[in-house]
Amino acid sequence: MQIDIRPAAPLPDDGDAAAPGDELRLAYELNERANAARFGEGIYVNTLPEFTALLRSDETERIDVLYAWLGARIVGDVTIYANLIDSTEVADVGIQLDPTLPHGERTELAEALVARGIDEAIALGRSTIVASTVGARTGPVTARTGHGAANPTHPEVAPLVARGFELEQVYRVSVADLARLSDLDARHAAGLERASGYELVRWIGETPAEHREGMRMLHERMSVDAPVAGLAWEPESWDDARLTAFEQGKQGGGRSLMTVAARKRSTGELAGFSTLILPTTGDVARQHDTLVTQPHRGHGLGMLLKLDNMLRLRELRPELTRIVTWNAEENRPMLAVNERCGFEPIAYEAQWQRKDAR
Ligand SMILES: CC(C)(COP(=O)(O)OP(=O)(O)OC[C@H]1O[C@@H](n2cnc3c(N)ncnc32)[C@H](O)[C@@H]1OP(=O)(O)O)[C@@H](O)C(=O)NCCC(=O)NCCS
């Protein structure tokens with residue numbers, strides 16, 4: 001197979017500008033096919049402007065994309081994500097393969113893309129490389145957490161295993177169907193009563209001025225409290241510019257953020273939050289972070305925040321009837337909350353890491 005791997009052209013200001021056959025549109029179509037193959041039809045869909053926004057670097061993260069061309073077709077890609085504020089020794093390298101390629105060609109393509117991605121990461125000066133692939137609940141290689149697995153002979157996985165990557169962590173991808181939660185209102189009311197020392201504050205889009213300091217603190221806690229297993233992600237520090245860049249980035253291409261936070265009535269401090277990303281197309285909202293800080297756990301706040309977002313979603317965007325979420329397979333507290341909110345597993349994602357890549 002004669003593959004040519006070359007860097008993506010600079011992104012246009014407007015994703016919709018790409019005509020049929022243009023590089024960006026071919027890349028978008030590959031991304032849609034690969035997502036459907038990995039998560040199932042309709043679970044993770046983007047418009048072209050949403051897809052374009054996902055590729056845009058900002059002051060917090062550099063994103064490099066290279067496409068694998070087979071004649072006039074894009075049959076794969078490799079993306080190198082490099083944080084610019086913290087974890088600056090780490091690069092996250094992700095490949096995508098055209099699911100319509102025969103097995104042998106996917107194996108050959110994955111080998112070439114992984115090799116190129118590692119070279120690019122090293123050229124950026126990153127000594128630790130994290131890579132994400134298809135995973136499984138159980139399988140021949142178990143994650144170092146003891147939860148979740150991967151198949152070392154899978155075309156995406158084999159090139160990593162051959163280069164000494166270790167399986168650190170596995171994510172469970174789950175979906176909840178809101179139509180099946182017939183007792184949502186009653187559970188929400190009971191949750192409010194149980195957590196009567198707290199009030200809920202809600203917004204759409206960027207965090208209002210009065211909550212920005214609290215939200216920066218909650219994002220910093222998220223980077224420490226959510227399990228990252230042996231992955232080299234560092235604790236993050238969030239100033240106001242980072243919060244702005246994060247929220248604008250997540251809303252790229254027309255998406256919006258729906259956030260609910262719990263505020264302790266007696267002190268006014270924010271105790272936790274949960275955010276959904278609302279796409280402009282399809283019927284599936286995406287769960288982003290959920291966190292309750294340690295002193296406020298065990299009052300049903302985690303559950304209440306999630307139920308509250310579900311109710312508000314039903315009211316404001318009724319066409320978004322499902323929610324998809326990613327959770328570390330060892331994160332029992334979050335999985336326990338999600339299972340009781342009706343989330344069911346649909347896929348697994350494996351997180352690999354190699355240190356000292358120089
Ligand atoms: C996950 C998290 C939000 C839960 O917050 P919380 O407010 O303590 O959770 P709740 O009180 O709503 O718990 C609801 C139910 O979940 C289950 N649960 C909560 N914590 C648990 C734990 N440590 N172990 C097992 N089950 C647990 C219980 O069944 C509980 O039901 P109960 O209220 O009848 O006892 C919190 O632990 C957290 O912020 N963790 C760190 C951040 C994180 O990992 N976020 C998710 C990243 S994907």
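Whatever order the structure lists ligands and atoms in, that order sets their numbers, starting from 1. Both backbone and side-chain heavy atoms feed into the values below; hydrogens, waters and symmetry mates do not.
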Exercise. In the protein, which heavy atom is nearest to atom 26 (N) of ligand 1, and how far is it?
Worked result: Ala336 CB, 3.8 Å

Exercise. For ligand 1, which atoms have a heavy atom of Pro227 less than 4.0 angstrom away?
Worked result: 44 (O)

Exercise. So does Arg38 pair up with Glu349, basic N to acidic O under 4.0 Å?
Worked result: yes

For this session: Please confirm whether Arg62 makes a cation-pi placement over Tyr81, using NZ or CZ under 6.0 Å from the six-membered ring centre and within 45° of the ring normal.
Result: no

Exercise. Where do Asn31 and Asn46 land on the side-chain contact (heavy atoms from CB on, under 4.5 Å) test, with the steps shown first?
Worked result: CA-CA 9 Å; Asn31 186 250; Asn46 290 300; 4.0 Å; yes

Exercise. Looking only at protein heavy atoms, which one is nearest to atom 8 (O) of ligand 1, and how far off is it?
Worked result: Gly298 N, 3.0 Å

Problem set entry | Residue portion contacting ligand 1 (non-hydrogen atoms closer than 4.0 Å) for Asn331 | side chain

Exercise. Near Met222, which atoms of ligand 1 are under 4.0 Å from a heavy atom of that residue?
Worked result: 45 (N), 47 (C)

For this session: For atom 16 (O) of ligand 1, find the nearest protein heavy atom and state the residue, atom name and distance (0.1 Å precision).
Result: Val337 CG2, 3.3 Å

Exercise. For the residue pair His288 and Phe246, is the inter-centroid distance of their aromatic rings smaller than 6.0 Å?
Worked result: yes

For this session: Under 4.0 Å from a heavy atom of Asn327: give me the atoms of ligand 1 that qualify, with their elements.
Result: 48 (S)

Problem set entry | contact_flag Gly191 ligand 1 heavy-atom lt 4.0 Å | no

Problem set entry | Heavy-atom nearest option to atom 31 (O) of ligand 1, drawn from Gln287, Arg340, Met303 | Arg340

Exercise. Ion pair present between Glu168 and Arg354, side-chain N to carboxylate O less than 4.0 angstrom?
Worked result: no

Problem set entry | Distance from atom 3 (C) of ligand 1 to nearest protein heavy atom, with residue and atom | Val292 N, 3.8 Å

For this session: May I ask you to check whether Trp326 and Tyr348 place their ring centers less than 6.0 Å from one another?
Result: no

Seminar exercise, completed: The atoms of ligand 1 lying under 4.0 Å from a heavy atom of His299, numbered in the order shown, are 11 (O)

Exercise. Going by the atom numbers of ligand 1, which of them fall below 4.0 Å from some non-hydrogen atom of Trp326?
Worked result: 48 (S)

Exercise. Checking side-chain hydrogen bond (donor to acceptor under 3.5 Å, both in side chains) against Ser274, which of Thr259, Thr290, Asp289 comes through?
Worked result: Thr290

For this session: May I ask whether atom 29 (O) of ligand 1 is less than 4.0 Å from at least one protein heavy atom?
Result: yes

Exercise. Relative to atom 41 (C) of ligand 1, which among Arg297, Met334, Arg221 owns the nearest non-hydrogen atom?
Worked result: Arg297

For this session: Considering only NZ, NE, NH1 and NH2 on the basic side and carboxylate oxygens on the acidic side, decide whether Arg126 and Glu120 come within less than 4.0 Å.
Result: no

Seminar exercise, completed: Out of Gly272, Gly302, Gly300, the nearest non-hydrogen contact to atom 7 (O) of ligand 1 is supplied by Gly302

Exercise. Which one of Leu304, Leu291, Thr290, Leu307 has a non-hydrogen atom at the shortest distance from atom 43 (C) of ligand 1?
Worked result: Thr290

For this session: Please report which non-hydrogen protein atom sits nearest to atom 27 (C) of ligand 1, along with the residue it belongs to and the distance in Å to one decimal place.
Result: Pro333 CA, 3.9 Å

Exercise. Does Arg317 pair with Glu319 as a salt bridge, N-O distance under 4.0 Å?
Worked result: yes

Seminar exercise, completed: Looking only at heavy atoms, the pair that brings Ala68 and Leu113 closest together is CB-CD2, 4.1 Å

Problem set entry | Ring centre gap for Phe273 and His219 strictly below 6.0 Å | yes

Exercise. Under a 4.0 Å heavy-atom limit, does Arg194 contact ligand 1 with its side chain, its backbone, both, or neither?
Worked result: side chain

